[in-house]
Trainee: 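Here it is, the structure in full.
Every chain is numbered from 1, with letters handed out A, B, ... down the list of sequences. The figures here come from the full heavy-atom set of this structure, side chains too, leaving out hydrogens, waters and symmetry mates.
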There are 2 protein chains.
Amino acid sequence: MERDLPPPAEQLRTAGLRVTGPRIAVLTELQAHPHADAETILSASRARLGSLSTQAVYDVLRVLAGAGLVRRIEPAGSPARFETRVADNHHHVVCRRCGVVADVDCATGEQPCLHPSETHGFAIDEAEVVYWGLCPQCAAAQVS
Amino acid sequence: MERDLPPPAEQLRTAGLRVTGPRIAVLTELQAHPHADAETILSASRARLGSLSTQAVYDVLRVLAGAGLVRRIEPAGSPARFETRVADNHHHVVCRRCGVVADVDCATGEQPCLHPSETHGFAIDEAEVVYWGLCPQCAAAQVS
DNA sequence: CGCTAAACTTGACTCGTTCCAGATTCGGTG
DNA sequence: CACCGAATCTGGAACGAGTCAAGTTTAGCG
């Protein structure tokens, strides 16, 4: 499931971005723990570097998202989460109870539902699918 | 496109909810202007009633959503929006630029993408699809 | 018609995130 | 290897959206 990704420093250089400690720390952390929110990334990266400011993390995440190195997802009722799987068209399952997120490969090939029946004249460029349900742990907890 | 809905008071009674001014005002406003956010609903309902507290609107919306009379949607980067189309399985197109929302009927029948390739053991009960793009107005504005 | 739980009011407050301004550090080109 | 501008820091204030808590009103049953 985890593909080999180029090391963070190389990713940054390829994207034409400066290679800095905070950026490497954030990218590394995100590759290790996908779907983390800003606060989680902050504390993990801070531990990794010794110190790191809140703004630095938000700045870095915005830059990385702008460069296409990370993707920002915002499930309803949850703070924004980030992931490094960007190239492939995949979707997410979100647990209604604990909010945990898992990746789901696209059900119907490449661009799945990108062609709705009627578009109202919109120029559509992305179809985002979120599956809602209960993760195994929460489902078990609910029964008992 | 707009189906005949029972009047708000009747909807409330049928759902076993008390019939109050704020609830009728919110439902009426929402039927007239789907995809409105809480703030818009608040000011419109306030105008309709003379006065209405912020909290009342959030309370009413939560109760109505809980009773299944309205549906809450939260496109990323936008405050929560509400609509009265609840029974049918339909999705939304959201404009990246201005945030306007439009309804889209489900492309592939009843429960469209409700069966992803791999569920990671999740008990999935809903598939939510959001199409991202540009509305006709914003697309035109971008070209010029 | 009167009671009571449900609904509403008011106002303080949380959370996640952004912005601001100036001081400082640091990556990478010349 | 020195410089320059981008990146980051400190820390603060501010934001929008929504919630909590405690007191007051009211719908609707009996």
Side-chain angles (χ1 to χ4, degrees), chain A residues 7-29 35-67 69-70 72-82 99 101, chain B residues 8-27 29 35-67 69-70 72-82 99 101:
Chain A
E10 189 181 328
Q11 281 189 282
L12 289 168
R13 252 186 295 269
T14 307
L17 299 175
R18 286 202 182 174
V19 179
T20 71
R23 290 176 178 184
I24 291 178
V26 167
L27 267 181
T28 305
E29 175 57 26
H35 309 134
D37 59 20
E39 170 58 31
T40 304
I41 297 168
L42 169 60
S43 53
S45 303
R46 184 173 280 165
R48 197 181 291 269
L49 290 176
S51 83
L52 183 63
S53 69
T54 306
Q55 296 84 322
V57 167
Y58 281 105
D59 282 350
V60 166
L61 287 171
R62 185 160 353 99
V63 167
L64 295 182
L69 293 183
V70 307
R72 178 187 185 125
I73 58 174
E74 294 181 48
S78 158
R81 290 150 179 275
F82 300 85
V101 177
Chain B
E10 189 181 329
Q11 281 189 282
L12 289 167
R13 252 186 295 268
T14 307
L17 299 175
R18 286 199 185 173
V19 178
T20 70
R23 289 176 178 184
I24 291 178
V26 167
L27 267 181
E29 176 57 26
H35 310 132
D37 59 19
E39 170 57 31
T40 304
I41 297 167
L42 169 60
S43 52
S45 303
R46 187 171 278 166
R48 199 180 292 269
L49 290 176
S51 83
L52 183 62
S53 70
T54 306
Q55 188 58 38
V57 167
Y58 282 104
D59 282 349
V60 166
L61 287 171
R62 184 160 352 98
V63 167
L64 295 182
L69 292 184
V70 307
R72 177 189 187 121
I73 59 174
E74 293 182 50
S78 158
R81 291 153 177 275
F82 300 85
V101 177

Trainee: Between the side chains of A/E74 and A/R81, is the shortest nitrogen-to-carboxylate-oxygen separation below 4.0 Å, so that they form an ion pair?
Mentor: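 No salt bridge links A/R81 with A/E74.
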Trainee: Working to the nearest 0.5 angstrom, can you tell me the gap between B/R72 CZ and B/D37 CG?
Mentor: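 The CZ atom of B/R72 sits 11.0 Å away from the CG atom of B/D37.
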Trainee: Say you draw a straight line from CG of A/L27 to CG of A/L12; how long is it, rounded to the nearest 0.5 Å?
Mentor: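 So the gap between those two atoms works out to 5.0 Å.
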Trainee: Are A/Y58 and C/dT18 close enough that a side-chain N or O sits under 4.0 Å from OP1 or OP2?
Mentor: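 No, A/Y58 has no side-chain N/O under 4.0 Å of OP1/OP2 on C/dT18.
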Trainee: Can you give one letter per nucleotide of nucleotides 2-7 of chain C, going 5' to 3': B for a protein heavy atom under 4.0 Å from the base, S for sugar-phosphate only, - for none?
Mentor: ---BBS
Trainee: Using a 4.0 Å cut-off to any heavy atom of chain B, which nucleotides of DNA chain D are the first and last in contact, reading 5' to 3'?
Mentor: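 Both ends considered, the range comes out as D/dA17 to D/dG28.
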Trainee: Could you give the distance from CZ (B/R23) to CG (B/D59), rounded to the nearest 0.5 Å?
Mentor: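 Reported to 0.5 Å precision, the distance equals 9.0 Å.
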Trainee: CG of A/L61 versus C1' of C/dT17: gap in Å, rounded?
Mentor: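 Nearest whole value for this atom pair: 12 Å.
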Trainee: Rounded to the nearest 0.5 Å, what separation is found between the CG atom of A/L42 and the CD atom of A/Q55?
Mentor: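 If we round to the nearest 0.5 Å, A/L42:CG and A/Q55:CD are 9.5 Å apart.
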Trainee: Mind calculating the distance between CZ (A/R72) and C1' (C/dT17) to the nearest angstrom?
Mentor: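 Checked: the CZ to C1' distance equals 8 Å.
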Trainee: For a quick test of reading the model, state the closest non-hydrogen atom pair linking B/A9 to B/V19 and the distance between them.
Mentor: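 Closest pair (atom of B/A9, atom of B/V19, distance): O-CG2, 3.8 Å.
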Trainee: Looking for any heavy atom pair under 4.0 Å, which part of the strands does B/R62 touch: base, sugar-phosphate only, or nothing?
Mentor: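 Touches sugar-phosphate only.
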Trainee: Could you walk me through whether A/T14 and A/E10 pass side chain to side chain contact (heavy atoms under 4.5 Å, CB included), step by step?
Mentor: CA-CA 6 Å; A/T14 307; A/E10 189 181 328; 4.1 Å; yes
Trainee: Using a 4.0 Å heavy-atom cut-off, does A/R46 contact any base of the nucleic acid, only the sugar-phosphate backbone, or nothing at all?
Mentor: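 No contact.
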Trainee: Judged by each residue's nearest nucleotide on DNA chain D, which is more toward the 5′ side, B/G21 or B/E74?
Mentor: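 Nearest-nucleotide comparison on DNA chain D picks B/E74.
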Trainee: Supply the atom-to-atom distance A/F82 CZ to A/I41 CD1, rounded to the nearest 0.5 angstrom.
Mentor: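 One finds 5.5 Å between CZ of A/F82 and CD1 of A/I41.
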Trainee: Could you check A/Q55 against B/A80 and say which one's nearest nucleotide on DNA chain D is further toward the 5' end?
Mentor: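 Whichever sits nearer the 5' end wins; that is A/Q55.
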